[in-house]
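Whatever order the structure lists them in is the order used to number ligands and atoms, beginning at 1. This is a predicted model, so every value here is computed, not measured. By convention here, the first residue in the shown sequence is residue 1.
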Amino acid sequence: MSKINYKSVEEIELIRESSLLVGKTLGEIAKVVGPGVKTIELNKLAETYIRDNGGVPAFLNYSGFPYSLCISVNDKVVHGFPGDYFLKEGDLISVDCGVVLNKYYGDSAYTFAIGEVSDTAKKLMRVTQECLVLGVEKAVVGMRVGDIGYAVQEHAEKNGFGVVKELVGHGVGLQLHEKPEVPNYGKRGSGIKLEEGMVIAIEPMINAGRAGVKFWDDGWTVSTVDGKPSAHYEHTVAVKKGKADILSTFSYVDNVLKEKNKS
Ligand code: MG
Ligand code: MG
C-alpha cells in the first residue's frame with residue numbers, strides 16, 4: 001500500500017467499465033428513491049443490479065462492512081448502514097457505491113433530496129457538487145494533491161460549510177483504496193505530484209454546520225458532531241494532461257431526476 005500504482009491505458013479502460021456500472025447502479029437507485037422507501041430495499045436493488053451486470057458489490061465484506069451500499073441519511077456523513085428506516089420528505093440521503101468488475105474497482109457517490117428539502121440542504125447539495133467539480137478540475141498533470149484539497153476546502157468554507165477532514169479520497173485500481181490519499185483540504189502546491197496513470201477518487205464530504213464528526217460504536221457510521229446534515233459526492237477520475245478524465249458518471253442519475261421533475 002505504500003506506493004502509487006500507475007495505470008496503463010488498458011487498465012484505465014477497465015476502471016472506466018467498473019465506474020460506469022457504479023453510475024448505472026446509482027441511476028437505478030435514483031428511479032426508486034423517495035418518501036416511504038426503506039433504505040435496505042435500495043441496498044438489495046443495488047446488489048442485484050450489480051451482480052446481474054457481471055460485477056461484485058465492492059463494499060460488501062470490505063473490512064467486514066455488511067452491505068453493498070453505504071447509505072448515510074441527514075446527519076450521517078458516510079459509511080451508514082442500510083436498514084429499516086423509511087425515507088421521509090425532507091431527508092438527504094447519501095448513497096456510496098463501489099463495484100469490482102474484471103478485477104478493477106469503481107467508486108462513486110451521490111446525495112439525493114427526498115421530496116422538498118430545506119434551503120440549507122439545497123445549498124449544501126449544490127455547493128458540495130461544485131466542490132467536486134472544482135476538485136476534479138485540479139486532477140491534471142502538473143498539479144498536486146494539495147491543489148485538489150485547497151479547491152474543495154476554499155469553496156466549501158467560503159459558503160459557510162464545514163469540510164470533513166477525518167475521511168479522504170484515495171487511489172482506485174486493483175484495490176478499492178490505494179495510494180495516494182486525497183484530502184478535501186490542503187495547501188496549494190503541496191503534496192504528491194499528479195501524473196499520467198494516476199486514478200483517484202475525489203469525494204468531498206461537506207457538513208452544513210461544523211466540520212467535526214463522530215465515529216459510531218458500530219465501527220462504521222460517521223455522523224456530524226452538531227447533528228446538522230452532510231452531503232457527499234464522489235467521482236473516480238484519471239489524471240490527464242489539460243483535463244481530467246472522469247471515469248464514473250452522474251448522467252444516469254441526472255436523466256432519471258430530470259424525468260421525475262417533469263411529472
Ligand atoms: Mg465511495
Ligand atoms: Mg471512495
Side-chain angles (χ1 to χ4, degrees), residues 1 4-5 7 15-30 33 39 42-43 46-47 49-50 55-73 76-82 92-101 104-112 125 128-129 131-133 135-136 139 145 148-149 152 163-185 198-206 213 220-222 230-239 244 246-250 252-253:
M1 267 293 280
I4 294 168
N5 298 315
K7 278 82 182 178
I15 300 169
R16 192 192 307 278
E17 282 180 32
S18 308
S19 302
L20 182 64
L21 181 51
V22 176
K24 288 179 176 174
T25 306
L26 291 173
E28 294 302 303
I29 298 296
V33 73
T39 56
L42 301 175
N43 182 76
E47 174 157 8
Y49 185 81
I50 290 166
V56 174
F59 300 165
L60 187 61
N61 301 321
Y62 180 87
S63 298
F65 189 81
Y67 299 98
S68 296
L69 293 178
C70 296
I71 292 189
S72 309
V73 179
K76 315 302 182 299
V77 177
V78 285
H79 303 166
F81 289 172
L92 272 197
I93 173 178
S94 299
V95 179
D96 196 346
C97 181
V99 157
V100 200
L101 184 66
Y104 285 85
Y105 284 81
D107 190 7
S108 183
Y110 196 92
T111 299
F112 298 92
M125 293 171 74
T128 308
Q129 285 203 58
C131 285
L132 175 58
V133 169
V136 168
V145 163
I148 297 173
V152 171
V163 175
V164 175
K165 304 198 178 56
E166 290 84 347
L167 299 131
V168 296
H170 49 90
V172 182
L174 282 167
Q175 295 181 66
L176 178 59
H177 296 122
E178 298 187 354
K179 290 279 170 192
E181 290 194 344
V182 184
N184 294 304
Y185 60 93
M198 288 172 72
V199 176
I200 53 176
I202 300 176
E203 48 178 318
M205 292 156 247
I206 308 297
V213 295
W220 286 101
T221 309
V222 181
S230 186
H232 179 213
Y233 294 87
E234 175 179 28
H235 271 317
T236 296
V237 309
V239 173
I246 304 174
L247 305 178
S248 52
T249 175
F250 294 153
Y252 296 92
V253 168

Output, in order, the C-alpha distance, side-chain angles, deciding distance and verdict of side chain to side chain contact (heavy atoms under 4.5 Å, CB included) for I206 and V163.
CA-CA 5 Å; I206 308 297; V163 175; 4.1 Å; yes
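- The shortest non-hydrogen separation linking L26 to S108 is CD1-OG, 3.8 Å.
- A46 is linked by a side chain to side chain contact (heavy atoms under 4.5 Å, CB included) to T25, I29, L69, counting only residues two or more places apart in sequence or in another chain.
- With sequence neighbours left out, the side chain to side chain donor-acceptor pair (under 3.5 Å) criterion links S18 to no other residue.
- The number of protein N/O/S atoms found under 2.8 Å from the Mg ion (ligand 1) is 4.
- Among the backbone and side-chain atoms of H177, none of the N, O or S atoms lies under 2.8 Å from the Mg ion (ligand 2).
- T111 contributes no side-chain N or O that, together with a main-chain N or O of I93, makes up a donor-acceptor pair within less than 3.5 Å.
- The Mg ion (ligand 2) is closest to atom NE2 of H170 (considering only N, O or S atoms).
- The backbone N or O of G80 lies less than 3.5 Å from a partner atom in the side chain of S72, making a donor-acceptor pair.
- By the salt bridge (charged side-chain N to carboxylate O under 4.0 Å, His left out) test, K76 pairs with no residue at all, sequence neighbours left out.
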